[in-house]
A.B. asks: 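Input: one structure, supplied below.
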Amino acid sequence: TVELNMGLLPLEWLLGTWESDEPGEGCFPSIKPFRYMETLSFSHVGQPVINFMFNAFHAETKKPMHRECGFIRMQPGTNRVAFIIAQNSGLVEIEEGELTAQRLELQSQAVARTSFAKEPHVQQICRVFQLRPDGKLEQTVSMATDNKPPTQHLHIVYCRAF
Ligand code: HEM
């Protein structure tokens with residue numbers, strides 16, 4: 001095992017594997033509400049960078065659905081955090097925000113997509129990760145698209161799976 005880079009100590013609570021305990025809830029004004037399961041994994045190799053993978057599955061059929069992977073960096077000496085993200089839908093994004101205690105609040109700073117991505121296109125993404133007092137991790141995602149103002153898309157709670 002490689003020692004954690006000191007710069008990442010404020011994010012140590014995120015490291016490891018997390019699994020949704022109950023299905024997460026997906027919604028948006030233009031879609032049918034849905035339920036999904038998701039596994040998150042956050043790891044490091046000693047660099048001041050966290051590597052992550054998020055894999056979502058259909059709650060009933062277990063069919064693979066949305067997937068994201070990327071990197072997390074912190075601006076040295078600050079509580080500023082950046083997520084560098086690639087999604088299987090053809091979207092890439094940079095999200096930045098602040099870490100306060102065990103809560104991360106992020107806003108997309110840049111969003112780009114493949115030339116043939118489905119419409120409507122996402123214009124803006126906000127997400128919050130929060131370690132709850134009961135030790136569970138919670139993620140909430142809102143987004144704005146070409147034709148809808150910022151609205152919640154996802155809410156899910158994870159248990160530590162080590
Ligand atoms: C629909 C974006 C994560 C499942 C959508 C739509 C967009 C979108 C733009 C189309 C909305 C519309 O038609 O008005 C995103 C972004 C995500 C994300 C930016 C991450 C930041 C997820 C995750 C799941 C998911 C984790 C879990 C399975 C769905 C489903 C639909 C949908 C089932 C409706 C059917 C469809 O359009 O494919 N999402 N999504 N999404 N999303 Fe997400």
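Below, each value reflects all heavy atoms present in this structure, side chains not excepted, and no hydrogens, waters or symmetry copies. First listed ligand is number 1; within each ligand, the first listed atom is number 1.
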A.B. asks: Using heavy atoms and a threshold below 4.0 Å, how should the contact between K32 and ligand 1 be classified: side chain, backbone, both, or neither?
C.D. replies: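 K32 to ligand 1: no contact under 4.0 Å from either part.
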A.B. asks: In terms of hydrophobic clusters joined by side-chain contacts under 4.5 Å, are L8 and L99 together?
C.D. replies: yes
A.B. asks: Would you say H121 touches ligand 1, if touching means a heavy atom closer than 4.0 Å?
C.D. replies: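 It does not, in that no heavy atom of H121 comes within the 4.0 Å cut-off of ligand 1.
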A.B. asks: Does ligand 1 have an atom under 4.0 Å from some heavy atom of E119?
C.D. replies: no
A.B. asks: Does some side-chain heavy atom of E38 sit less than 4.5 Å from a side-chain heavy atom of N55?
C.D. replies: no
A.B. asks: Any atoms of ligand 1 less than 4.0 Å from a non-hydrogen atom of K118? List them with their elements.
C.D. replies: 38 (O)
A.B. asks: If the cut-off is 4.0 Å to any non-hydrogen atom of I125, which atoms of ligand 1 fall inside it?
C.D. replies: 19 (C)
A.B. asks: Can you confirm whether something in the protein, heavy atoms only, sits under 4.0 Å from atom 10 (C) of ligand 1?
C.D. replies: no
A.B. asks: For E68, take its heavy atoms, then give the atoms of ligand 1 lying under 4.0 Å from any of them.
C.D. replies: 20 (C)
A.B. asks: Using a distance threshold of 2.8 Å, what protein N/O/S atoms lie below it relative to atom 43 (Fe) of ligand 1?
C.D. replies: H153 NE2
A.B. asks: What donor-acceptor contacts under 3.5 angstrom involve side-chain atoms of residues 68-76, with partners at least two apart or in another chain?
C.D. replies:
{"residue": "E68", "atom": "OE1", "partner": "R127", "partner atom": "NH1", "Å": "3.3"}
{"residue": "E68", "atom": "OE1", "partner": "R127", "partner atom": "NH2", "Å": "2.9"}

A.B. asks: Looking at K62, I want to see if its NZ is surrounded by more than 12 non-hydrogen atoms of other residues, nucleotides or ligands under 6.0 Å.
C.D. replies: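 More than 12 heavy atoms, drawn from other residues, nucleotides or ligands, come within 6.0 Å of this atom.
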A.B. asks: Is any side-chain heavy atom of L4 closer than 4.5 Å to one of L15?
C.D. replies: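 Of all side-chain heavy-atom pairs linking L4 with L15, at least one is under 4.5 Å.
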A.B. asks: Say whether I50 and V2 are linked into one hydrophobic cluster, either directly or through other cluster members, by side-chain heavy-atom distances under 4.5 angstrom.
C.D. replies: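 No; V2 is not reachable from I50 via cluster members.
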A.B. asks: Show the atoms of ligand 1 that are less than 4.0 angstrom away from any heavy atom in S30.
C.D. replies: 12 (C), 13 (O), 14 (O)
A.B. asks: Can you sort out the partners of A86 under side chain to side chain contact (heavy atoms under 4.5 Å, CB included), two or more places apart, ordered by chain and number?
C.D. replies: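 Only V92 meet the side chain to side chain contact (heavy atoms under 4.5 Å, CB included) criterion with A86.
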A.B. asks: What distance do I94 atom CD1 and I125 atom CD1 have between them, rounded to the nearest 0.5 Å?
C.D. replies: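 That separation rounds to 11.5 Å.
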A.B. asks: Does H58 reach ligand 1, in the sense of a heavy atom lying below 4.0 Å from it?
C.D. replies: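 Under 4.0 Å: no for H58.
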A.B. asks: For E98, is the CD atom crowded, meaning more than 12 foreign heavy atoms sit under 6.0 Å from it?
C.D. replies: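 Atom CD in E98 is packed in, count exceeds 12.
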A.B. asks: Heavy atoms only: give me the nearest S20-M37 pair and the separation to one decimal.
C.D. replies: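 Smallest interatomic distance, heavy atoms only, reads OG-CA, 3.4 Å.
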A.B. asks: I need the T145 OG1 to H121 NE2 distance, nearest 0.5 Å.
C.D. replies: 10.5 Å
A.B. asks: Look up atom 29 (C) of ligand 1 and tell me if a protein heavy atom lies less than 4.0 Å from it?
C.D. replies: yes
A.B. asks: So if I count the atoms of ligand 1 from 1 in the order they appear, which ones are less than 4.0 Å from some heavy atom of M65?
C.D. replies: 28 (C), 33 (C)
A.B. asks: Can you pull out the closest protein heavy atom to atom 16 (C) of ligand 1? Residue, atom name and distance to 0.1 Å, please.
C.D. replies: Q87 OE1, 3.9 Å
A.B. asks: Nearest protein heavy-atom contact for atom 4 (C) of ligand 1: which residue, which atom, what distance?
C.D. replies: F34 CZ, 3.0 Å
A.B. asks: Do you reckon F54 sits in the same ILVMFWY cluster as M65, going by side-chain contacts under 4.5 Å, direct or chained?
C.D. replies: no
A.B. asks: Nearest to atom 13 (O) of ligand 1, what protein heavy atom do you find, and at what distance?
C.D. replies: P120 CD, 3.6 Å
A.B. asks: Can you list every ring pair (Phe, Tyr, Trp, His ring centres under 6.0 Å) pair that touches residues 77-119, not counting sequence neighbours?
C.D. replies: F52-F83, F83-F129
A.B. asks: Where does K148 meet ligand 1, judged by heavy-atom distances below 4.0 Å: at the side chain, the backbone, both, or neither?
C.D. replies: neither
